[in-house]
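Some notes on the structure that comes next.
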Amino acid sequence: MDNPRSFIVITLFPEPVSGMLNSSILRKAQEKGIVHFTVLNLRDFGNGRYRSTDDYPYGGGGGMILRPEPVFRALQFARERVCGLQENLQQGDSILPRIVYPSPQGRVFHQKDAWAWSTDPRPIIFLAGHYEGIDERILLGHSIEEWSIGDYVLTGGELPALAMIDSIVRLLPGVLSDPQTVRNETFSGDLFDYPQYTRPPVFEGMKVPDVLLSGDHARIGQYRREKAREKMLRVRPELLS
Ligand code: ADE
C-alpha cells in the first residue's frame, strides 16, 4: 500500500484539533492507513521556562503576535517528523512538505484546490496562527503558502486547517464508501446537490415528491437537475454563468 498521506497541524489548541481528527470519517481514514495525522502543540516549542509563544507588536497596535522562534522550532520538528514518516522513499524523491498558513489574507481555497491537493503526495503542514498574526519573518523565510477559507475573519487557523484537511481527505480513494458521491456533489459537477428525501413519506403534512417514488430513473434524474438548477439560480446565480 502507498504511504499514508501526511497532515501535520501546529497549534496552540491541540485538544480540539485532535478531537476533530479523531472523529468520524477522518478517524476511519486514519484507521484504514490512508492518512496520518500529527498534531504538534506550539507551546512545547515556546521560549523559556514559561514556554512563551507570543509578544507585543513592534510599532504598537493592539493584540499579540506569534514569536518567530517557537514557530521556527515547531516547523523544523514537523519537517523532521515528516521525513521520519517517509522511510521507504527512494533517495532523491521529493519529500518537501507544503507549508500552509491559514489566513484571511491568503488565496481563497475552493473545491478545485481540494481536488488538486488530494492528488499531490506532498505532506502538508498547517501552521494555525492565533492572536493578531505571526511574525512576518516566518512567512518570508519558509516559502509558506497563505490560504483563506473565505472572506470573513476567524480567531485562529484551527478551523480553517480542519476545513481544508476534511475537504481533501474525503476525496482520497477509499475514504468514502461510495466514491460516486464526491463526483456528483456540489462544486464538483456543474450544479448544486439536488434535494434529498428519506422516510417517512409524509412529514408535517409535506409529501415526498411523487417522481422520487416512481422508479423512473430518467424522470428522477431530470427532476433532480431541475431542482438543483432552481436552487442555484436562487442562491448563487453567479455560479450558473
Ligand atoms: N484565520 C482567520 N480567519 C481566516 C480565514 N477566513 N481563512 C483562513 N484562516 C483564517
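When a ligand or atom number is given, it counts from 1 through the structure's own listing order.
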Practice prompt. Can you label the angle between the Trp147 ring and the Trp117 ring as parallel, tilted or perpendicular, going by 30° and 60°?
Written response: perpendicular
When you pair each N or O of ligand 1 with protein N or O atoms, which pairs come out under 3.5 Å?
{"residue": "ligand 1", "atom": "3 (N)", "partner": "Leu154", "partner atom": "N", "Å": "2.9"}
{"residue": "ligand 1", "atom": "6 (N)", "partner": "Gly150", "partner atom": "O", "Å": "3.1"}
{"residue": "ligand 1", "atom": "6 (N)", "partner": "Tyr152", "partner atom": "O", "Å": "2.7"}
{"residue": "ligand 1", "atom": "7 (N)", "partner": "Ile149", "partner atom": "N", "Å": "3.0"}
{"residue": "ligand 1", "atom": "9 (N)", "partner": "Ser103", "partner atom": "N", "Å": "3.0"}

Item to complete: Give a yes or no on whether the backbone of Ser52 and the side-chain of Arg67 come within a donor-acceptor separation of less than 3.5 Å.
Response: no
Discussion item. Taking atom CG as the centre, does Asn22 end up with more than 12 heavy-atom neighbours from other residues, nucleotides or ligands that are less than 6.0 angstrom away?
Written reply: yes
Worksheet item: Donor-acceptor pair, Asp113 side chain versus His110 backbone, under 3.5 Å?
Response: yes
Worksheet entry | Backbone N/O of Phe192 and side chain of Lys231: donor-acceptor pair under 3.5 Å | no
Item to complete: Kindly write out the residues that satisfy side-chain hydrogen bond (donor to acceptor under 3.5 Å, both in side chains) with Arg107, not counting sequence neighbours, or none if the list is empty.
Response: none
